[in-house]
Amino acid sequence: MNNFQYSRATDVADAIRLLNSDPDAKLIAGGTNLIDLMKENVERPSRLIDISRLPLGKIEETAQGGLRIGALVPNSDLAYHPQVEQRYPLLASAILAGASAQLRNMASVAGNLMQRTRCAYFYDTATPCNKRSPGSGCSAVGGHNRNHAILGASPSCIATYPSDMCVALAALGALVHIAGPTGERRIALEDFHRLPGDTPHIDTNLGASEMIIAIELPPGGFSRNYSYLKVRDRLSYAFALISVAAALNLEGNAISEARLALGGVAHKPWRSLEAEQSLRGRAATADHFAHAADLLLQGASAASHNRFKIELARRAIVRTMMQAASAAPQSQAHKKIA
Amino acid sequence: MAQPSHQVPERIPVTLVVNGTKRDLDLAPWTTLLDALRDHLNMTGTKKGCDHGQCGACTVLVNGRRVNSCLTLAVIKDGAEITTIEGLAKDDALHPLQQAFIDHDAFQCGYCTPGQICSAAGLLAEGRAKNADEIRELMSGNLCRCGAYPNIVAAIQQAMGRP
Amino acid sequence: MNAYVGTPTSRVDGRAKVTGSAKYAGEFTAAGLLQGFVVEATIPRGRIARLDTGEALKVKGVIDVFTHANRPQLADRDEAWKDEVAPEGSPFRPLYDETIKFNGQPIALVVAQDWETAKFAATLVRVDYEQQPFVTDLEAELGSAAELDKPHEPRGDAASALAKAAVRHEADYVIPTEHHNPMELYATTAVWEGDGRLTVYDKTQGVQNVHKFLCGVFDKNPDDIRVVSPYVGGAFGSGLRPQYQVVLATLAALALKRSVRVVLTRQQMYGLGYRPMTIEHVALGAAADGALDAVSHEAIAVSSRYEDFARNDAGWAEQLYRSSNSRSSHKLVHLDVSTPCDMRAPGAASGVCALECAMDELAVALKLDPVELRLKCYSDRDQSEDLPYSSKQLRECYARGADAFGWSKRNPEPRSMRDGKELVGWGMATGVWEALQMPVAARIVLTSNGHAEVSCAASDIGTGTYTIVAQVAADALGLPIENISVRLADSTLPQAPVEGGSWMAASSAHAVLAAAEDIRRELAALAKSMPGSPLGGVDATDVTLVDGTIAHNGEHSHSVSIADAMRHGGLERIEKEKLNRFDEDKSHARNTHSAVFAEVKVDEELGVVRVTRVVSAVAAGRILNTKTGRSQIMGSVVWGIGMALHEETVMDHRFGRIMNANIAEYHIPVNADVYDIDVIFVDERDDLINRLGVKGIGEIGIVGVPAAIANAVYHATGKRIRRFPITLDKLLD
């Protein structure tokens, strides 16, 4: 690790002040991704601002009937929170599909949003990478890219964003509450992460001196018809090749509302309004889900080693939607795929 | 990005309550909880297998919850209660998990074992695993290269009182 | 008396391991211990043009930075660098000169007062390289493949027999590079004892191998260096040869006259040895009834440019199956990589995987049950050497394994069995390994209080050596196992080779037996000489040590207590050291065998594979400890699952760099990947191999497992995947 200063923030304003006074400072809470990257010399913050003791660890109901999740709630506490288990089981399931029990105990909700790609070239400081070292080139293009993006990539970066939790948050239409030097603002989780374009080193739309203080879930939790399916190279403790968050509101067999988000395919959780709207008023059938999958995967393009992910995604979407429709969500412990 | 510099960080006083004993340390902020235990307290029961949160060998309980001690800085855990493998046996009596691991031969080389046992202690405290599939899933953050997994599951079932 | 041998005895080192008190190489400490951190090369081939350590040396707490430019004297002859298992060639010498031979090669060692400081300072070492053209891609360099030495003498004429065969199968099987990834990081703590003497705590499978190597490399007297390695956190072959961290720690300790610890990172361990990628070309020809008539196996493997590492990949078919015509060859392609090394069942794990997949394909072509085909080609003689086996219960393995698995209920048609959305597949394969023995000595010190200490330089890398040594000693000395203490893995103890090749159980057990025999003889003499001894007229060979007594073989009540006999002789302790003796008999082949049956469930749409059941029936002579033995086979099956489905070291050949040098992206099985594993030890009495009839089981458990799984995947899906690992993308079409 590089030489860095350590400061313990006394409150949110203090954390923002510290961030504002040092452009190379970083916030730390769970540390599961940042410490890892610091050990690889990929992240070299001048200062770590410890926010782990700030009072951002509550889960509360909002006036609108949704849920406000403090930025520092550990992933496991969120997954096992009775309100989340009952009202937002899609979110609970997605969280439990990610990482390990230990990491989920450590990782904060906000940190999960801020986690960086697993691209091997990003991690290997001996190879070019535009995300780590802007302008140096993308080694994954033409390199080893079996688990790289099939959607929304650019010639300068084909990395994916690895979160499971955020795929569910995207499907649920979560909002991100942000505090900064000039006050607080909210943005949709969908708009929080950026596509790489020609600035792949900038992962999110969080301002330099801003911090996440909470995630807000809208009232609708799709608690009856949902499923989170993660397809990966071993049965646990591996990043997704493809993951699907599916949520439906059904009236009889007719879909009144559909939500569909993909993980492991792009620089952000991938949603398409067109795909979701195509299902509105339709029967919950494999054909209709396949059509929605085609719409969601519009424009998908493969690199040299990841063509299979397009077809895998198509199949996984239909399968997960069928699980949701039949109220048979995928278990994260029992590995047979329902 | 910060320029390379040969300056090293100042040490900071850090207090850890390790297995019930208060330990005062002076640590640079870059010292992980794992290195604090192994190198600075010479408590080597907690193992370093990858140093990147990929193997679980460094699992300890922090305030009763299982975590990867390699991915947290000691200074962040200032004041915390840490339970390591050295703190599980009471006097001469092994913790039921330790005895179960011996009974079921749930290890070979023994290097992942302290992490497996601490992780299993966390698992029991969480109370989320009710059957073998759930134990397998919730113990998947602890790699065992000797491949003792079925015996580890059996040992945990014994300690749960579900033979 | 066998109170312990052959029983499910719990590990005698269990308590140390579950309480965290077992100390591994990087956990020993010393006053003023310094910590080293390795800087490694980031190119695969070239030379160091400039290496600037100035900034690193300015870091507070850094003691020194060692490089090729300032290193102390190291041996300049290859012989000194050749350890007991070194292949042909010129071994790698860390920090020797400016030449870069592989990516990840150590080029500097930063030594500091603490590890974090050393690691930080290592990032400040600046290197400029003169790069040279390099090649790291085996498949792009097949044209340069060359036979290592004279190929094995062929039997008959395989080529023309193949051409004439009624049914033929021929294919390439590709086994990728794999890394051992023991859980413990490679580490050495070199403790400065003064006067140029060191105690070196090293992660190794052979302390005496390391000892001799260090004495050669550093030109030291044997008494100057002691190598100790009481606990080894897994090795699987990666610790057979001395690894470079032991050179670096020793070098720094001798130069600084201080104690120094060097621990490699997980990433740096990918610069050590590995199972080499191989392309295995197998051709089989059979008569219409399934009788094999031709077997041809050609392996092409990676080695480094500086050493020829090769193992027996291709010779197993020739030995195992009856066929009038056979040939095999092993070729190497030399690349700009580090030298491969032994990894669990080296050669066989890869070669038999290819062979047994090919046999399955032949069975399909013949419309024969896969077990039936193996039985048709079954041989009671070693086909290569035309020798009888000392014992071979493989037929029984097939029968017991098939029975336990329920093989008779298998519908031979691919894609014919399903469980909801999952296709179910059943596959099987044969496993084979050698039963080797090596010279090992053991020392037993029996004290008059009825305790014995057994010592030997052999290692216990998790294999259970401590426990079986204690069991054998307890039985031979007639003492409870609690009264036996075992010391291992110290270079000053009686001789032992590296622990590998599955030879240590048989070898160490018989060393203990031999030493115990001498103790018994001395005790018998003492007992006989006692006034009024009930053993007065008894021959020394007619007494047994049992329950703390020296007893007549026929009548145990005719006995003298060991304590009384020793008191009579005025002895507080009896110490005997003995080398094992084993028959050099070349008239029998000695092998272990197995039959592996695997069930997979494959999600038809998504290609996700689950190995839901494995039955491994093993014939390996007498099993010294059925508890730890079962675990060893079970662990090997888990390795086989990894080899079949997960493990692959991925290299970007543009950089010659490994891109998954970690254990998040280099997948090994996790707990959730492993379901039911049933281990069956088939009774196999072997009176020829050694007194106890022991063969060793460290390797046999993995051999055949990847093929059984691959064959099950074919049976489930109708898709034959010949390029391992079988990841789901290969099943999607």
Side-chain angles (χ1 to χ4, degrees), chain A residues 1-4 36 38-41 44 99-100 118-121 123-128 139-140 142-147 162 229-239 241-242 244 286 305-316 318-320 322-323 332-338, chain C residues 40-43 59 103-104 116-117 119-120 122-124 265 267 419-422 601 603-612 641-642 645-648 650-665 667-675 725 727-733:
Chain A
M1 285 188 221
N2 64 309
N3 174 19
F4 61 89
D36 178 28
M38 286 171 69
K39 288 180 178 186
E40 300 281 7
N41 289 301
R44 304 172 55 84
S100 67
R118 300 298 307 186
C119 175
Y121 302 98
Y123 267 78
D124 184 356
T125 55
T127 60
S139 299
H144 188 70
N145 50 39
R146 180 170 171 272
N147 199 15
L229 177 63
K230 182 176 186 180
V231 183
R232 47 190 153 176
D233 278 324
R234 64 183 176 193
L235 295 176
S236 187
Y237 205 17
F239 292 94
L241 293 166
I242 297 286
V244 186
H305 299 132
N306 65 353
R307 178 156 300 282
F308 75 95
K309 286 179 69 167
I310 299 174
E311 178 60 20
L312 180 64
R314 195 184 314 272
R315 295 183 192 183
V318 176
R319 188 71 166 274
T320 316
M322 290 300 286
Q323 291 178 334
Q332 300 307 339
H334 307 284
K335 300 297 178 181
K336 180 171 185 173
I337 300 169
Chain C
E40 75 261 31
T42 55
I43 64 162
V59 174
N103 229 319
E116 297 90 327
T117 302
K119 182 169 159 63
F120 164 61
T123 66
L124 304 180
T265 64
Q267 182 173 2
D419 175 9
K421 294 188 168 73
E422 289 180 322
K601 295 191 175 177
D603 188 273
E604 188 174 11
E605 287 171 354
L606 304 174
V608 175
V609 180
R610 300 189 299 135
V611 181
T612 45
I641 293 171
L645 302 183
H646 305 128
E647 297 190 37
E648 177 177 19
V650 176
M651 189 177 266
D652 186 327
H653 298 299
R654 299 170 306 167
F655 304 112
R657 284 181 74 74
I658 294 170
M659 297 317 301
N660 59 346
N662 57 63
I663 42 175
E665 264 78 23
H667 292 137
I668 66 169
V670 298
N671 206 318
D673 290 299
V674 180
Y675 293 84
T727 47
L728 62 88
D729 47 314
K730 296 173 187 173
L731 296 171
L732 289 177
D733 282 341

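So you know, we letter chains A, B, ... as the sequences are listed, proteins then strands, and number each from 1.
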If you count heavy-atom pairs within less than 4.5 Å of chain A, which of N671(C), D419(C), N660(C), T612(C) leads?
D419(C)

For T123(C), the option from N2(A), T125(A), N41(A) that meets side chain to side chain contact (heavy atoms under 4.5 Å, CB included)
N41(A)

Evaluate whether atom NZ of K421(C) has more than 12 neighbouring non-hydrogen atoms of other residues, nucleotides or ligands under 6.0 angstrom away.
no

Heavy-atom cut-off 4.5 Å, strictly under: side chain, backbone, both or neither for L229(A) against chain C?
side chain

Using a cut-off of under 4.5 Å on heavy-atom pairs, state which of R654(C), E422(C), M651(C) scores highest against chain A.
R654(C)

Given heavy-atom pairs under 4.5 angstrom as the criterion, report whether the side chain, backbone, both or neither of D729(C) touches chain A.
both

Counting distance only, does the side-chain N/O of R319(A) pair as donor-acceptor with the main-chain N or O of L606(C) below 3.5 Å?
no

Given side chains that start at C-beta, do those of Y675(C) and L235(A) come closer than 4.5 Å, heavy atoms only?
yes

Report the C-alpha distance between M659(C) and D124(A) in whole Å, list the side-chain angles of each, state the deciding distance to 0.1 Å, and finish with yes or no for side chain to side chain contact (heavy atoms under 4.5 Å, CB included).
CA-CA 8 Å; M659(C) 297 317 301; D124(A) 184 356; 4.0 Å; yes

Under 4.5 Å to a heavy atom of chain A? For E605(C) that would be both

Looking only at D673(C), I43(C), T42(C), most heavy-atom pairs under 4.5 Å shared with chain A are made by D673(C)

Taking all non-hydrogen atoms of both residues, which atom of R118(A) and which atom of A664(C) are closest, and how far apart?
NH2-CB, 4.0 Å

Below 4.5 Å, heavy-atom pairs only: which of K119(C), R610(C), Q267(C) has the largest tally toward chain A?
R610(C)

Using heavy-atom distances under 4.5 Å, tell me whether I641(C) contacts chain A through its side chain, its backbone, both, or neither.
neither

Report which part of H646(C) has an atom under 4.5 Å of a heavy atom belonging to chain A: side chain, backbone, both, or neither.
side chain

Are any non-hydrogen side-chain atoms of L241(A) and T727(C) less than 4.5 angstrom apart?
no

Looking only at atom types and distance, does a side-chain atom of K336(A) sit under 3.5 Å from a main-chain N or O of K601(C), one as donor and one as acceptor?
no

Where on D233(A) is there a heavy atom nearer than 4.5 Å to chain C: the side chain, the backbone, both, or neither?
both

Given heavy-atom pairs under 4.5 angstrom as the criterion, report whether the side chain, backbone, both or neither of F120(C) touches chain A.
both

Under 4.5 Å heavy-atom distance to chain C, tell me which part of F239(A) shows up: side chain, backbone, both or neither.
side chain

Neighbour count above 12 (heavy atom, 6.0 Å) for R146(A) CZ
yes

Is there a donor in the side chain of Y121(A) and an acceptor in the side chain of D652(C), or the other way round, less than 3.5 Å apart?
yes

A333(A) versus chain C, heavy atoms under 4.5 Å apart: side chain, backbone, both or neither?
neither

Specify which of V608(C), N662(C), V650(C) makes the most heavy-atom pairs with chain A at under 4.5 Å.
V650(C)

